[in-house]
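Numbers here are sequence positions counted from 1.
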Amino acid sequence: GLPGYQLQSWFGVVAPAATPKSVIDRINAELAAVLQQPEVKERLLAQGGMEAGGGSPSDFAAIISRDLATYDRIVKQAGIKGQ
């Protein structure tokens, strides 16, 4: 491991910035319902130990922001430069 860092993989659904909140809320509600189905949970677990998460759009935005900050710190500390 790398001291001070904890990274995990995740999958999520994003939409264009101009998508109406009502559409985002509807998609989120439908996906949350699907992710709670026992057969979906079982299939995800069988495919590499994935666990169904879910949450609000703001929860997901926070995860993305947190991970971007972590990756930014790693790149800066390692002195990685773009080509």
Side-chain angles (χ1 to χ4, degrees):
L2 185 60
Y5 293 96
Q6 179 184 13
L7 299 175
Q8 63 187 54
S9 298
W10 48 259
F11 296 90
V13 175
V14 296
T19 305
K21 183 179 180 325
S22 61
V23 173
I24 298 292
D25 291 343
R26 172 76 189 270
I27 292 169
N28 186 61
E30 296 293 337
L31 286 171
V34 168
L35 290 173
Q36 293 308 309
Q37 295 175 3
E39 59 274 11
V40 172
K41 288 183 175 188
E42 289 171 16
R43 285 190 138 187
L44 289 172
L45 194 56
Q47 294 179 14
M50 292 185 279
E51 294 181 20
S56 71
S58 61
D59 291 340
F60 188 41
I63 290 169
I64 293 170
S65 292
R66 180 201 66 212
D67 283 358
L68 286 174
T70 298
Y71 300 140
D72 182 59
R73 192 169 59 248
I74 290 169
V75 166
K76 286 178 180 172
Q77 287 178 354
I80 298 169
K81 304 286 182 204
Q83 294 183 4

Kindly indicate, with the supporting measurements, whether the criterion side chain to side chain contact (heavy atoms under 4.5 Å, CB included) is fulfilled by Gln47 and Met50.
-> CA-CA 7 Å; Gln47 294 179 14; Met50 292 185 279; 3.7 Å; yes

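Note: Glu51 CD to Gln8 CD = 9.5 Å, rounded to the nearest 0.5 Å.
At a threshold of 4.5 Å between non-hydrogen side-chain atoms, the residues Leu35 and Leu44 count as touching.
Through chains of ILVMFWY side-chain contacts below 4.5 Å, Val75 is grouped with Ile80.
A chain of hydrophobic side-chain contacts below 4.5 Å, direct or via other Ile, Leu, Val, Met, Phe, Trp or Tyr residues, connects Val40 to Phe11.
Counting only residues at least two apart or on different chains, the salt bridge (charged side-chain N to carboxylate O under 4.0 Å, His left out) pairs with a member in residues 16-41 are Lys21-Asp25, Arg26-Glu30.
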What pairs of donor and acceptor atoms, side-chain ones from residues 53-67 against any protein atom, are under 3.5 angstrom apart with sequence neighbours left out?
| unit_1 | atom_1 | unit_2 | atom_2 | d |
| --- | --- | --- | --- | --- |
| Ser56 | OG | Ser58 | N | 3.4 |
| Ser56 | OG | Ser58 | OG | 3.0 |
| Ser56 | OG | Asp59 | N | 3.0 |
| Ser56 | OG | Asp59 | OD1 | 3.3 |
| Ser56 | OG | Asp59 | OD2 | 3.2 |
| Asp59 | OD2 | Ser56 | N | 3.1 |
| Ser65 | OG | Ala61 | O | 3.1 |
| Asp67 | OD2 | Trp10 | NE1 | 2.6 |

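No more than 12 heavy atoms of other residues, nucleotides or ligands lie within 6.0 Å of CZ in Arg43, so this atom counts as exposed by the packing criterion.
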